Amino acid sequence: MRLRHKPWAREELSKRPAIVVQDPTTQKGNWNDLFNNDNPIYVEVGTGKGQFLTKMGMAHPGINFIGVERYESVLLTAMENVEQAGLMNVKLLSEDVGDIEEFFGESEVERVFINFTDPWPKTRHAKRRLTHPYYLEKYRRMLTNNGEIHFKTDNQGLFEYSLHSMSSYGMAFKNVSLDLHKSNIEGNMMTEYEEKFSAKGDRIYRLEATY
């Protein structure tokens, strides 16, 4: 993805502390206090422009959503989408997923979404894949005992790698789809990339996994 640099993005993000949490380390273990409720917490890693998270927030007002995105110029669009929708149950973090353990306490999250992440196809870059055991261990610590990972991609190689990685880690699968838009899975919310790829007729792969 080629990003258009927006030098003003950081300043704009800092002006919306009700949406973009400025120091998420201070909320570790206490996210429900920030939302002022005891609703389940779902986290999306690599939120991008926020279409998925915004749609989910609108459709599920009884769930608290948190999006993590390291590119400020991209997160700016997500912030604008959340603000325009008037959502009180969506927060955003301008942070790197590699630091995610600094932001969430043990068993604080019930679901993690990984949507259309960079496949990092070269073998030497495998550890950068967000379904690598390095990340699976981080998710495990922050997820509840029955917590789930929901993963979607258009990249067959990444999907096959993720199945192997998660299986080797001892995870169990359900609702595995090799062609999501021809399946009977209900309630699917499309990301910007998903709309683009599916419009071209590309197959979308999806799975749900538990530890």
Side-chain angles (χ1 to χ4, degrees), residues 1-118 128 130 135 138-144 147-150 152 189-195:
M1 177 176 66
R2 189 170 183 176
L3 300 176
R4 178 190 169 200
H5 180 58
K6 300 176 182 178
W8 64 89
R10 178 175 297 183
E11 181 180 356
E12 289 300 312
L13 292 173
S14 69
K15 293 178 180 178
R16 305 292 191 281
I19 300 175
V20 183
V21 180
Q22 303 302 304
D23 184 3
T25 61
T26 63
Q27 296 301 142
K28 183 176 181 178
N30 299 291
W31 282 100
N32 283 119
D33 292 342
L34 183 63
F35 285 102
N36 197 32
N37 60 51
D38 292 322
N39 295 338
I41 296 173
Y42 290 4
V43 173
E44 182 186 22
V45 295
T47 295
K49 295 181 179 179
Q51 176 172 298
F52 173 82
L53 210 63
T54 300
K55 287 183 176 180
M56 290 293 286
M58 295 173 66
H60 304 283
I63 295 174
N64 299 326
F65 294 93
I66 302 173
V68 184
E69 172 60 53
R70 66 173 176 166
Y71 294 111
E72 295 171 343
S73 296
V74 178
L75 191 65
L76 182 61
T77 300
M79 182 194 74
E80 292 169 346
N81 288 337
V82 172
E83 185 174 43
Q84 290 173 8
L87 296 173
M88 303 300 292
N89 63 326
V90 178
K91 306 294 182 184
L92 302 173
L93 310 185
S94 181
E95 303 289 347
D96 192 295
V97 177
D99 299 323
I100 200 165
E101 284 182 291
E102 301 298 322
F103 316 136
F104 300 100
E106 291 191 14
S107 303
E108 190 171 21
V109 175
E110 292 200 15
R111 186 170 298 175
V112 171
F113 296 102
I114 309 172
N115 295 320
F116 299 90
T117 181
D118 192 327
R128 300 182 184 182
L130 296 189
Y135 287 101
K138 293 178 181 289
Y139 307 145
R140 184 190 66 78
R141 292 173 183 168
M142 57 192 264
L143 282 167
T144 61
E148 299 177 343
I149 291 178
H150 289 203
K152 288 195 290 186
M189 298 292 184
M190 288 202 287
T191 73
E192 296 91 344
Y193 279 120
E194 187 172 354
E195 288 183 347

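Throughout, residue positions are numbered sequentially from 1 according to the sequence presented. This is a predicted model, so every value here is computed, not measured.
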Which atom of [X] lies closest to which atom of [Y], heavy atoms considered:
| X | Y | answer |
| --- | --- | --- |
| Trp31 | Leu93 | CH2-CD2, 3.7 Å |
| Val90 | Val82 | CG1-CG2, 3.7 Å |
| Ala59 | Met189 | CB-CE, 3.4 Å |
| Phe52 | Thr191 | CB-CG2, 3.7 Å |
| Ser107 | Thr144 | O-CG2, 3.4 Å |
| Ala78 | Gly48 | CB-O, 3.6 Å |

- Query: How about Gln22: does its CD atom have over 12 heavy atoms from other parts shown lying under 6.0 Å from it?
  - Reply: yes

- For Met190, look at atom CE and say whether over 12 heavy atoms of other residues, nucleotides or ligands are found less than 6.0 Å away. yes

Atom pair [atom1]/[atom2] of [X] and [Y] - distance to nearest 0.5 Å:
| X | Y | atom1 | atom2 | result |
| --- | --- | --- | --- | --- |
| Phe113 | Glu148 | CZ | CD | 9.0 Å |
| Ile149 | Arg111 | CD1 | CZ | 11.5 Å |
| Tyr193 | Lys152 | OH | NZ | 14.5 Å |

- Out of Leu76, Val21, Leu53, which one pairs with Leu92 under the side-chain contact (heavy atoms from CB on, under 4.5 Å) rule? Leu53

Note, [X] side chain near [Y] side chain (heavy atom, < 4.5 Å):
| X | Y | answer |
| --- | --- | --- |
| Glu108 | Met142 | no |
| Arg70 | Val97 | no |
| Ile114 | Tyr135 | no |

Is a side-chain donor or acceptor of [X] paired with a backbone partner of [Y] at a separation under 3.5 angstrom?
| X | Y | answer |
| --- | --- | --- |
| Asn89 | Gly57 | yes |
| Asn81 | Lys49 | yes |
| Thr54 | Gln51 | no |
| Asn39 | Asn64 | no |

Sequence neighbours excluded - salt bridge (Lys or Arg N to Asp or Glu O under 4.0 Å) pairs with any residue from [range]:
| range | value |
| --- | --- |
| residues 53-62 | Lys55-Glu195 |
| residues 18-36 | none |
| residues 78-91 | Arg16-Glu83 |

- Task: Check the pair Phe116, Glu192 against side chain to side chain contact (heavy atoms under 4.5 Å, CB included), reporting the backbone distance first and the verdict last.
- Result: CA-CA 10 Å; Phe116 299 90; Glu192 296 91 344; over 6 Å; no

Can you give the donor-acceptor pairs under 3.5 Å from side chains of residues 98-105 to other protein atoms, not counting sequence neighbours?
unit_1, atom_1, unit_2, atom_2, d
Glu101, OE1, Lys138, NZ, 3.2
Glu101, OE2, Arg141, NH1, 2.6

- Message: Going by side-chain hydrogen bond (donor to acceptor under 3.5 Å, both in side chains), name the residues that satisfy it together with Glu72, two or more places apart in sequence or in a different chain.
- Response: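 Testing Glu72 for side-chain hydrogen bond (donor to acceptor under 3.5 Å, both in side chains), a comparison that skips the adjacent residues, returns Arg10.
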
Listed pairs under 3.5 Å, donor-acceptor, residues 40-47 side chains, sequence neighbours left out:
unit_1, atom_1, unit_2, atom_2, d
Glu44, OE2, Asn115, ND2, 3.0
Thr47, OG1, Glu44, O, 3.3
Thr47, OG1, Val68, N, 3.1

